[in-house]
Amino acid sequence: MRLLLAEDESALADWLVRALAQSGFQVDWVADGRLVRRALRATRYDALILDLGLPGLAGEEVLLSLREDEDPVPILILTARDTLAQRVATLKAGADDFLAKPFEVEELEARLQALIRRSKGREVSKFSCGRLAYDASTKRFELGHEVFTLTAREHALLRTLILAGGEPLSKRELLERVFTGDAEVHAQAVEVLIHRLRKRLLHTGTQIATLRGLGYVLEAVP
Ligand code: CA
């Protein structure tokens, strides 16, 4: 895994680069806030470790500009000024985690691993709508933290809708995707299945809406 470290204390940076390398992280180091974005543009990093007190451009400014650009890199903030107000401010500004100096390298590693795992999960395998989520790696639906069980057909329909990510799907499209290879099925079967699924989704905060002329869409209950 490849990390970018933005830290101006060279003794700390040296130690971190070596310690993290022993755990299999490849770490590139910049000591000036102005160099962070350039480095992120040139290389794809799994996470950024960002010191708040940086010369050139303060860590807070770096954080804000990255999130303004919707750069998805997970960011762990390092700071010597550990106050609750600052934690809240940096997390609100879009940081994913926060660690106060001095810290143990084991804790930094554990947090980085969790951060990277979460961000990868977001990227590839989690689709959500309201409280309902579909995990493509386990092929299961979850409601809050509970597994949400469905029949095979309901599951196929709901999966098709949640993967559409808010785009409406026509009855014909649903028919083709849910009843694949079943030539005898009529459009009515989709309606019956939608009806059943709507009942299952009652009180979940998620619903199947009908958009006239466009089809069906899964949405969070307003
Ligand atoms: Ca510093």
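All of these numbers come straight from a predicted model, not from anything done at the bench. For ligands, and for the atoms within them, numbers begin at 1 and follow the listed sequence.
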Only distances under 3.5 Å count here; give the side-chain donor-acceptor pairs of residues 49-65 to other protein atoms, sequence neighbours excluded, each with its distance to 0.1 Å.
from: Asp51; atom 1: OD1; to: Lys101; atom 2: NZ; distance (Å): 3.2
from: Ser65; atom 1: OG; to: Glu61; atom 2: O; distance (Å): 3.4
from: Ser65; atom 1: OG; to: Val62; atom 2: O; distance (Å): 3.1

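- Of all the N, O or S atoms in Asp8, the one closest to the Ca ion (ligand 1) is OD1.
- When distances to the Ca ion (ligand 1) are checked against a cut-off of 3.0 Å, Glu7 contributes no N, O or S atom below that limit.
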Show your reasoning for whether side chain to side chain contact (heavy atoms under 4.5 Å, CB included) applies to Val190 and Phe179.
CA-CA 9 Å; Val190 173; Phe179 297 90; 4.0 Å; yes
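- Within the 3.5 Å criterion, the main-chain N or O of Leu66 finds no donor-acceptor partner in the side chain of Arg37.
- A cation-pi contact, defined as under 6.0 Å to the ring centre and within 45° of the axis, links Arg200 to Phe148.
- Between the Ca ion (ligand 1) and Leu54 there is no N/O/S contact shorter than 3.0 Å.
- Of all N/O/S atoms in Asp51, OD2 sits nearest the Ca ion (ligand 1).
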